[in-house]
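Data block below; observations after.
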Amino acid sequence: MTRCASIAVAESRARNRRIAIRPAHLGLLGLLCCADVSHAASLTTHDWSLCPTQARPVLPQYGDNLIHALADKAFLRRNGVSELLGDVQITRGDQTLISNALDYNNKTQEAISAGKLTLEMPSLRIQAASGRFNLGTRSGELLDSRYAYYPAHAQGHATRIDQKNPTLTTLTHTTYSTCPIGHEAWVLSASKMRLNQKSETGTARNVVLRFKGVPILYTPWLSFPLSNARKSGLLPPTFSQTTNSGFEYSQPIYWNIAPQADATITPKLLSRRGFALGTQLRYLGPHSYTVFNDNYLPYDQLYGAPRWFYSLQQQAEPLPGLSTNINYNRVSDNTYFTDLGNSLGTGDVTQLERSVSARYASTYWNAGAQILQYQILDPALTGSELSYEKLPEIYFNAWTPYAALGGLQTSLHSNWTNFQRSGSVTGSRLTVTPGLSLPLTGSAWFMTPAVKYRYTRYQLYGQTPGTSATPTLGVPIVSLDTGLYFERNISSKIRQTLEPRAYYLYVPYRNQQTLPVFDTTLNDFSFNQLFSDNRFSGGDRIGDADQLSLALTTRFINTQTGTELLSAGIGQILYFRPRRVTLPGNPVQTQPRSDYAGMLNAALARHWTGNASLTYNPYARAFDTAYLGLQYHLGPQRLINLGYQYNRAQTNQANISFLWPITTHWQSAARWDFSVRNGHILDAFLGVQYNSCCWAARILARRYVTTTPGTYNNGVYFELVLKGLGNLGNSIGTYIQRTIPDYAPSS
């Protein structure tokens with residue numbers, strides 16, 4: 001063997017001399033593709049803080065694509081093979097090959113190591129007992145390899161990795177897990193895996209998923225995508241236990257029909273009711289998105305008949321500015337969701353909406369139409385309690401820009417609706433409301449005079465004999481909104497504002513007793529209602545008014561951060577005459593003053609926030625309504641919510657929800673809604689989660705009132721999270737996030 005100084009890299013590390021060999025490429029094993037696309041996106045929501053820290057090597061950075069070789073010794077044989085010995089590194093770009101002894105063929109660009117060989121990259125490490133690479137063709141074999149893929153927090157083993165070419169890789173007897181080495185709570189294994197980067201697909205044979213050493217899933221053959229492309233196959237199953245249906249097991253099957261269409265077919269087994277089949281079809285068009293869902297139970301063993309549900313939702317934008325929406329739902333019977341709504345959050349549905357709408361929006365006008373119907377599921381809703389259907393509703397609104405008329409703003413709101421309901425007065429209603437306003441502002445004040453004219457015309461059927469079938473109503477609405485701004489610095493960091501506001505409203509009385517009530521209710525009185533020009537919602541009543549609203553608001557603001565530390569307001573309406581316009585059955589309001597209305601929002605301490613809204617009746621000397629909320633928020637996994645809602649005539653309800661760690665690995669979550677007036681639970685659940693480095697398990701027990709008065713449904717739901725792979729069971733994390741404010745699941 002002859003020493004060759006011309007290619008000798010270094011005889012000692014201190015010299016740090018290099019050679020450059022061109023051209024060359026270091027083959028990237030297809031294993032990286034499999035891990036990168038399949039799991040990296042989902043891992044962004046996982047919490048790896050419980051995992052051991054993964055030490056990553058400091059790799060050389062040369063800033064070019066040349067081959068750089070480092071070794072303690074280098075020898076050149078007569079056949080052109082370089083023998084590199086002692087702490088060998090071959091680097092190209094961000095890829096480094098490490099070995100104690102390595103032969104490199106300058107002519108074929110093949111590197112061979114009979115001993116340990118390591119491939120290092122910023123995101124991937126592969127350690128092999130031996131192996132060979134052809135740096136020109138980017139092909140080779142690695143034997144008895146262990147890999148670590150850092151973005152996915154994943155690692156595994158393969159007895160052989162064959163890189164056939166830059167786009168085709170085969171792994172023999174391979175495993176995959178996001179758990180630390182030696183502590184694999186779950187492992188996915190396959191006898192052979194084939195990864196084709198060109199077609200962006202992978203296949204595996206004899207796939208077994210083990211959890212705690214116990215096989216929980218097996219398939220003789222598996223196909224999966226190596227990109228974001230969808231792939232047909234099995235999805236994680238769900239299972240739960242409820243009093244209405246017993247044990248329920250669902251196994252979704254995904255079908256990738258076409259790039260713009262797919263389907264999920266879900267066979268379900270309900271131990272107390274029988275077999276059911278659910279289907280979801282999705283279609284993404286050039287300007288639309290359509291989803292169809294259905295669930296069919298051929299024979300419900302408890303109900304004694306077939307049960308079914310289907311729905312269609314579509315959103316579309318066929319033209320710029322034009323949007324359409326379809327929302328159609330139907331079930332076989334009124335108690336379908338009470339009996340079969342076992343998924344979290346679907347057991348208390350009281351009505352299903354069916355609607356079709358279209359809307360066109362421009363800069364200064366919009367127009368639209370809709371058809372709205374309901375399927376009522378709550379048998380307690382009868383007669384006047386049922387909602388009117390709109391067959392159809394058409395509206396047009398327009399306004400002028402602020403600067404167009406020297407600050408004078410004009411507006412037009414119009415609506416025509418045909419109302420239908422069985423056994424009731426029906427017909428159409430046209431409302432047209434033109435308006436003018438002139439906003440005036442200064443540095444410490446504002447004033448906005450405004451005038452509107454509300455015109456309403458009906459075409460009615462089924463009216464009481466002797467009353468007009470075409471009543472009309474025309475009412476002017478005049479208002480003046482004024483306010484002042486005062487502020488002072490009460491410290492170097494805190495500024496206080498004082499904002500008095502006066503709002504005068506005049507609406508003459510018009511007799512509206514003979515008009516129907518299609519969609520109108522009396523608004524709940526609150527602080528915001530002080531500045532509204534109509535105490536009714538909907539279009540069937542225009543409240544007469546000769547009144548003055550007086551309010552005072554104060555705010556405390558941190559001048560350094562801009563954070564509002566506290567805002568509080570109180571106000572009252574002074575009535576100069578009785579309010580004679582009422583809904584049927586309600587008396588004329590004669591009190592000269594309204595309730596006191598107050599609101600409060602406060603950052604009480606570093607982690608405490610509170611809010612409240614109150615209305616106090618000065619005549620009854622009692623609160624008519626109250627809402628009190630308090631939150632302790634130490635972080636997304638440490639929070640407590642307390643709430644109390646009170647209405648002297650209707651509601652007295654308390655709720656508590658919390659999310660709190662028990663230990664490092666155990667967390668708890670609960671919510672409790674309780675009717676103080678009736679003394680019973682409305683909805684309650686308690687959940688517990690165990691969270692480890694690479695997996696989590698959740699169990700949740702729920703009890704809630706169904707649509708049938710006095711009856712409850714009890715359920716127990718399970719979820720197993722294999723981080724970096726998927727979830728098995730019900731989406732408990734999603735349900736808790738929806739029901740506990742500010743909850744952010746970590747996995």
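Electrostatic pairing of Arg282 and Asp262 counts as a salt bridge here, judged by a charged N lying under 4.0 Å from a carboxylate O. A salt bridge links Arg648 with Asp624: at least one charged nitrogen is closer than 4.0 Å to a carboxylate oxygen. The pair Arg671-Asp683 does not count as a salt bridge, with every side-chain nitrogen at least 4.0 angstrom from each carboxylate oxygen. Between Glu389 and Arg354 there is no salt bridge, since no side-chain N of the basic residue sits under 4.0 Å from a carboxylate O of the acidic one. In this structure, Asp544 pairs ionically with Arg535, as a charged nitrogen and a carboxylate oxygen lie closer than 4.0 Å.
The backbone N or O of Thr470 sits less than 3.5 Å from a side-chain atom of Ser468, completing a donor-acceptor pair. Checked by atom type and distance alone, the side chain of Thr520 pairs as donor or acceptor with a backbone atom of Asp540 at under 3.5 Å. Panel note: side chain Asp595, backbone Leu614; no donor-acceptor pair is recorded below 3.5 Å.
When only modelled atom types and interatomic distance are considered, Thr335 and Asp333 share a side-chain donor-acceptor pair under 3.5 Å. With 3.5 Å as the limit, one finds no donor-acceptor pair spanning the side chains of Asn329 and Glu353.
For the pair Arg307 and Phe309, the cation-pi test (distance below 6.0 Å, angle within 45°) is failed. Seen from the ring of Tyr328, Arg330 does not count as a face-on cation partner, given the 6.0 Å and 45° thresholds.
Two rings, from Phe292 and Tyr283, have their centers 6.0 Å or more apart. Close placement of the Tyr735 and Phe685 rings is indicated, their centers lying within 6.0 Å of each other. In this structure, Tyr360 has its ring center closer than 6.0 angstrom to the ring center of Trp365.
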| said: Go through it in stages, so that I can follow the logic: the residues are Arg501 and Leu484, the test is side chain to side chain contact (heavy atoms under 4.5 Å, CB included), and I'd like the CA-CA distance, side-chain angles, deciding distance and then a yes or no. | reply: CA-CA 7 Å; Arg501 183 177 179 182; Leu484 298 172; over 6 Å; no

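In this structure, Tyr461 OH and Gln420 CD are separated by 9.0 Å, a value rounded to the nearest 0.5 Å.
Below 30°, between 30° and 60°, or above 60°: for Tyr644 and Tyr646 the angle between ring planes is below 30°, a parallel geometry. Below 30°, between 30° and 60°, or above 60°: for Phe446 and Tyr485 the angle between ring planes is between 30° and 60°, a tilted geometry. Ring orientation note: the planes of Tyr458 and Phe518 are tilted relative to one another, at an angle of 30° to 60°.
Contacts of Asp519 classified as side-chain hydrogen bond (donor to acceptor under 3.5 Å, both in side chains), with partners at least two apart in sequence or in another chain: Arg429.
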